Protein chains: 2
Amino acid sequence: MNGKPDYIIPEPTLRRLPRYYNYLKALLNRGREVVSCTHIGKDLELDPPQIRKDLAYTGIRGVPKVGYQVAELIKNIEDFFGWNNIDEAFLVGVGNMGRALIDYKGFSRYGFKIIAAFDNDSEVIGKTFNDVEVLPLSKLTSLCQRMNVHIGVIATPDHAAQEVADMMIAGGIIGIWNFAPAEIRTPEGVIVQNENLAAGLSVLCKKLQMLKQSGKIRQEVRE
Amino acid sequence: MNGKPDYIIPEPTLRRLPRYYNYLKALLNRGREVVSCTHIGKDLELDPPQIRKDLAYTGIRGVPKVGYQVAELIKNIEDFFGWNNIDEAFLVGVGNMGRALIDYKGFSRYGFKIIAAFDNDSEVIGKTFNDVEVLPLSKLTSLCQRMNVHIGVIATPDHAAQEVADMMIAGGIIGIWNFAPAEIRTPEGVIVQNENLAAGLSVLCKKLQMLKQSGKIRQEVRE
DNA sequence: TTTTTATCGATAAATTTTTCTCGATTTCAA
DNA sequence: TTGAAATCGAGAAAAATTTATCGATAAAAA
């Protein structure tokens with residue numbers, strides 16, 4: 001049948017969809033109204049059937065010989081991810097990475113908003129960055145409960161990550177976006193998304209190293 | 001696998017290895033000398049045979065009934081990625097993300113060092129962050145050549161990404177770590193690693209959404 | 001109108017990646 | 001010294017993902 005969400009969507013697809021989204025937004029800005037998988041494939045260096053399959057998960061329908069309506073496609077992706085309903089999140093760890101995340105304006109596009117930050121360094125407690133106030137870590141758990149926040153971002157040094165995660169979970173958080181280079185143990189039912197910059201960096205450097213050694217390798221890089 | 005690099009290493013393996021590395025470092029700090037795949041698997045929630053296969057790419061050899069020497073394993077991963085030879089890189093775009101990357105001390109662990117930054121905003125040109133000087137963008141290409149730098153980090157807004165990439169490539173850069181949410185077109189032989197925070201965020205939010213919809217998954221946990 | 005062409009949607013094949021199986025090896029205990 | 005238990009390494013099997021194929025359909029051209 002059609003490509004209605006199966007409740008099981010491949011993770012590679014989930015990671016590619018935001019990429020299509022950025023690309024389509026740029027396309028729309030340039031005045032483009034329709035686009036085919038063939039065309040997208042050329043720009044993104046992906047195979048058209050794969051793109052078709054990915055897009056089908058959002059419920060879009062294309063027209064043979066023409067392709068898809070760009071605006072409709074964008075809307076379908078937004079709805080698919082629920083980017084129109086804002087997800088509110090707490091962030092813990094106001095170091096460089098934490099600051100960068102707080103300051104980054106682009107998340108609003110993805111229905112994501114950091115509404116408060118926490119730290120235990122009195123230097124930053126009480127300060128405000130990008131309208132986000134920094135509160136003492138001790139208030140984290142109770143505020144999660146009171147404000148019914150269920151997404152947490154960990155941007156602490158590695159040694160603090162587990163403790164912070166425990167506090168979050170105690171407060172009812174069920175989704176953790178973890179930037180600390182540490183493993184977090186969580187009970188069943190809590191989703192942890194590890195964001196490991198070192199992984200991407202390592203892949204890049206290793207590919208360069210292999211390129212240098214073996215002379216010539218064709219490499220595509222994902223995401 | 002018999003240890004020796006096959007010149008074709010699965011990307012998922014490349015992404016997991018730094019994770020093992022962080023984990024092993026923590027293990028070593030706690031005084032642990034040997035570890036088995038079974039043990040690692042429990043902590044990282046991965047299957048032992050997969051871990052064994054991943055580690056085999058680094059050329060390690062384990063001992064039945066005992067496992068691997070933690071210190072040896074760490075060293076093998078470092079050598080595998082070449083983290084002992086520093087890779088020097090230029091960064092372009094000294095906004096929030098750029099600043100966070102410049103300030104991040106942790107990269108030295110991965111043999112990676114940003115040695116200069118570039119921007120075309122006179123507000124930041126001439127300033128120094130974490131010992132990294134910000135230079136005018138116009139000098140990028142010539143300095144790449146002069147200093148023989150071959151890795152570039154793009155942390156600009158999306159609309160500037162392609163132009164910056166072109167300048168880098170003109171200067172001889174062959175590896176680009178791209179944080180801009182934009183597609184970059186490059187000639188053959190240049191490796192682009194896209195780091196898309198939105199992808200990770202989207203995966204997390206979508207999983208939460210699916211959990212909420214389909215899932216009184218946790219009913220059996222309570223009561 | 002009819003033919004040609006591009007592209008979709010669905011399915012099948014190929015590839016990649018993960019998981020399983022099993023014999024061999026080493027340590028520990030009896 | 002021998003037997004039991006744990007774990008490795010290699011290869012096979014299974015699962016997931018990507019790539020290819022093909023009929024159907026809509027638009028454009030003849």
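Chain identifiers are assigned alphabetically (A, B, ...) following the order of the sequence lines, protein sequences preceding nucleic acid strands; residue numbering begins at 1 within each chain. Everything numeric in this text was worked out from a predicted model, so none of it was measured.
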Over how many whole Å does the gap from [X] atom [atom1] to [N] atom [atom2] extend?
X: B:Q69; N: D:dT7; atom1: CD; atom2: P; answer: 15 Å
X: B:I60; N: D:dA10; atom1: CD1; atom2: P; answer: 13 Å
X: B:R61; N: D:dC8; atom1: CZ; atom2: P; answer: 12 Å
X: B:L44; N: C:dT19; atom1: CG; atom2: C1'; answer: 17 Å
X: A:E45; N: D:dT19; atom1: CD; atom2: C1'; answer: 16 Å
X: B:L46; N: C:dT17; atom1: CG; atom2: C1'; answer: 13 Å

Protein-to-nucleotide contact annotation, 5' to 3' order, nucleotides 23-30 of chain C [B base; S sugar-phosphate only; - none; under 4.0 Å, heavy atom]: --BBB---
Candidate nucleotides C:dG9, D:dC8, D:dA20, ranked by approach to the side chain of A:P49 - the nearest: D:dA20
Residue B:S36, side-chain heavy atoms: nucleotide from D:dT7, C:dT7, C:dG9 that is nearest: D:dT7
side-chain hydrogen bond (donor to acceptor under 3.5 Å, both in side chains) partners of residues 90-103 of chain B, not counting sequence neighbours, each pair once: none
Backbone N/O of A:A198 and side chain of A:N196: donor-acceptor pair under 3.5 Å: yes
Expected output: side-chain A:R19 to main-chain A:L44 donor-acceptor under 3.5 Å: yes
A:Y57 side chain near C:dG9 phosphate (N/O to OP1/OP2, under 4.0 Å): no
A:R52 side chain near C:dC8 phosphate (N/O to OP1/OP2, under 4.0 Å): yes
Centroid-centroid under 6.0 Å between A:W177 and A:F107 rings: yes
Side chain proximity check, B:I9 to A:M210, heavy atoms < 4.5 angstrom: yes
Cut-off 3.5 Å, no hydrogens considered: what does the side-chain donor-acceptor table look like for residues 72-85 of chain B, sequence neighbours left out?
unit_1: B:K75; atom_1: NZ; unit_2: B:D79; atom_2: OD2; d: 2.6
unit_1: B:N76; atom_1: ND2; unit_2: B:T58; atom_2: O; d: 3.1
unit_1: B:E78; atom_1: OE2; unit_2: B:Y21; atom_2: OH; d: 2.5
unit_1: B:D79; atom_1: OD1; unit_2: B:N84; atom_2: ND2; d: 3.0
unit_1: B:W83; atom_1: NE1; unit_2: B:Y110; atom_2: O; d: 3.4

Close N/O contacts between protein and nucleotides 14-18 of chain D (under 3.5 Å):
unit_1: D:dT18; atom_1: OP1; unit_2: A:R16; atom_2: NH1; d: 2.8
unit_1: D:dT18; atom_1: OP2; unit_2: A:R16; atom_2: NH2; d: 3.0
unit_1: D:dT18; atom_1: O5'; unit_2: A:Q50; atom_2: NE2; d: 3.1

Enumerate donor-acceptor pairs with a distance under 3.5 Å from any side-chain N or O in residues 155-170 of chain B to protein atoms, sequence neighbours excluded.
unit_1: B:Q162; atom_1: OE1; unit_2: B:R185; atom_2: N; d: 2.8
unit_1: B:Q162; atom_1: NE2; unit_2: B:D166; atom_2: OD1; d: 2.9
unit_1: B:Q162; atom_1: NE2; unit_2: B:R185; atom_2: O; d: 3.1

Modelled atom types, side-chain donor and acceptor of B:R109 and B:N22, under 3.5 Å: yes
Side chain to side chain donor-acceptor pair (under 3.5 Å) partners of A:S36, counting only residues at least two apart: none
